Amino acid sequence: MERPTRKNVTAAIFILAALYAVGIAGLSWERTTDLFRQLVPFQLLVSAALLFFFHPAWDKRSLIFFGIVFIGSFGIEVAGVHTGKIFGSYAYGDGLGFKLFSTPVLIGLNWLMLVYCTGHVVQRAGIANPWKEITGAGMMTFIDYLIEPVAVKYGWWSWYGPTIPALNFIAWFYISFVFLFIFFRMNVMRRNPVAIPLIAFQTIFFAVLNMIWFMMA
């Protein structure tokens, strides 16, 4: 792939910023909430398209890694939904699009984006082994902590119990650790100028929605 121009990168980052800003506004306003809930799959697909458009090395190594994380995470989620023994007892709603084995296919793409972007953050921060995987897994677990209340509120998934089980966050940490370990050992890291802005926008997106509900409570 040719080196992306600054103009193209700026345009992509602007689109992502607008996408997540509009998403916050749309989900927060009662009159548009239902519409924007239906647009969540579109938001994920646009984010993934822009992110991987700037992935500079579509080689065999990258494709194998993408397949491991996408298929592996989807399989783990399927097992989690049907056994309740990985994350706790939960079920997916209809907000994340097409489901296979009661699990949205897009959930594998979401895991892949998070692992990929978090790996970039940790690598660019210059964190050394073995702290790279630990730091990255901690970051992903924190992001899931922000995601969970939003997901439950909008019916993306629901838990069979009054609270989100601690097992969920423990599982997120260890699964993230394994995927990041593979990411670094396979040396998938190639500088992607969209990766860090995307993970920043996603974190801000969920953090702001949580703050809005806290203030409205």
Side-chain angles (χ1 to χ4, degrees), residues 1-2 4-5 8-24 26-27 36-78 92-101 103-124 136 139-140 143-144 146-148 150-151 154 156-157 172 175-176 179-180 182-183 186 188-207 209:
M1 177 179 174
E2 295 182 1
T5 65
N8 288 341
V9 172
T10 301
I13 293 173
F14 176 80
I15 291 170
L16 287 170
L19 184 70
Y20 284 90
V22 171
I24 291 171
L27 288 171
F36 277 81
R37 284 176 58 192
Q38 297 174 26
L39 292 175
V40 169
F42 172 78
Q43 183 183 38
L44 284 173
L45 287 171
V46 171
S47 298
L50 289 173
L51 175 66
F52 292 116
F53 176 79
F54 289 97
H55 180 70
W58 284 92
D59 53 11
K60 182 178 179 181
R61 180 171 49 193
S62 294
L63 292 174
I64 291 173
F65 172 77
F66 293 159
I68 289 172
V69 178
F70 183 88
I71 297 172
S73 61
F74 179 76
I76 290 169
E77 291 279 358
V78 170
Y92 280 103
D94 297 324
L96 295 179
F98 173 74
K99 289 191 287 188
L100 187 64
F101 306 118
T103 305
V105 174
L106 282 180
I107 204 67
L109 182 62
N110 189 58
W111 269 96
L112 175 57
M113 287 194 296
L114 287 173
V115 172
Y116 182 89
C117 291
T118 302
H120 273 70
V121 172
V122 173
Q123 189 81 354
R124 291 294 301 279
M139 287 176 57
M140 285 190 59
I143 292 171
D144 181 58
L146 296 176
I147 292 174
E148 290 295 339
V150 178
Y154 292 123
W156 300 342
W157 59 79
W172 259 81
I175 294 168
S176 300
F179 284 145
L180 286 165
I182 297 170
F183 177 85
M186 290 186 69
V188 176
M189 170 68 181
R190 299 288 187 277
R191 185 169 182 177
N192 186 325
V194 173
I196 294 177
L198 175 56
I199 197 74
F201 293 145
Q202 289 181 328
T203 303
I204 292 169
F205 175 81
F206 290 108
L209 286 175

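The residues of the chain are indexed from 1 along the displayed sequence. The shown structure was predicted, so the numbers you read here are calculated from the model rather than taken from an experiment.
Residues passing the side chain to side chain donor-acceptor pair (under 3.5 Å) test with T203: none are found, sequence neighbours excluded. In this structure, F201 has no ring pair (Phe, Tyr, Trp, His ring centres under 6.0 Å) partners at least two apart in sequence or on a different chain. For E148, the side chain to side chain donor-acceptor pair (under 3.5 Å) partners are W157, W159, N168, not counting sequence neighbours. Not counting sequence neighbours, the partners of P41 by the side chain to side chain contact (heavy atoms under 4.5 Å, CB included) test are L106.
Using a 4.5 Å heavy-atom cutoff, the side chains of H55 and Y116 are in contact. Two residues are said to be in side-chain contact when any heavy atoms from C-beta on lie closer than 4.5 Å; V150 and W156 meet this criterion. In this structure, the side chains of T118 and F183 stay at 4.5 Å or more apart for every pair of heavy atoms. Looking only at side-chain heavy atoms (C-beta outward), F36 and V22 come within less than 4.5 Å of each other. In this structure, the side chains of Q43 and L39 stay at 4.5 Å or more apart for every pair of heavy atoms. You'll find the side chain of V46 reaches within 4.5 Å of the side chain of L19, heavy atoms only.
Classification of the F101-F74 ring pair by plane angle, with boundaries at 30° and 60°, yields tilted.
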Donor-acceptor pairs are to be reported for all side-chain atoms of residues 107-114 against protein atoms at under 3.5 Å, with residues two or more places apart or in another chain.
unit_1 : atom_1 : unit_2 : atom_2 : d
W111   : NE1    : E77    : OE2    : 2.9

Report, one line per pair, each donor and acceptor closer than 3.5 Å where one atom sits in a side chain of residues 63-72; sequence neighbours left out.
none

Check step by step if side-chain contact (heavy atoms from CB on, under 4.5 Å) holds for Q202 and I143. CA-CA 9 Å; Q202 289 181 328; I143 292 171; 5.9 Å; no
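The NE2 atom of H120 sits 11.5 Å away from atom CD1 of I199, with the distance rounded to the nearest 0.5 Å. Remark: Q123 CD to R191 CZ distance equals 12.0 Å, nearest 0.5 Å. Note that CG of L50 is 5.0 Å distant from CG of L16, once rounded to the nearest 0.5 Å. Distance CD1/I175 to OG/S73: 9.0 Å, rounded to 0.5 Å. In this structure, the separation between CH2 on W172 and CD1 on I76 is 11.0 Å, given to the nearest 0.5 Å.
Listed here is the closest heavy atom pair of A12 and V194: CB-CG2, 4.2 Å. The two residues C117 and L198 make their nearest non-hydrogen contact at SG-CD2, 4.0 Å. Heavy atoms only, all atoms of each residue included: V40 and G95 are closest at CB-O, 4.0 Å. Taking both residues in full, the closest heavy atoms of G23 and F205 are given as C-CE1, 3.8 Å, listed atom of the first, atom of the second, then distance.
A donor-acceptor pair is defined here as one N or O able to donate and one able to accept, closer than 3.5 Å; such a pair exists between the side chain of S62 and the backbone of A57.
Remark: R61 CZ is packed, more than 12 non-hydrogen atoms of other residues, nucleotides or ligands lying under 6.0 Å away.
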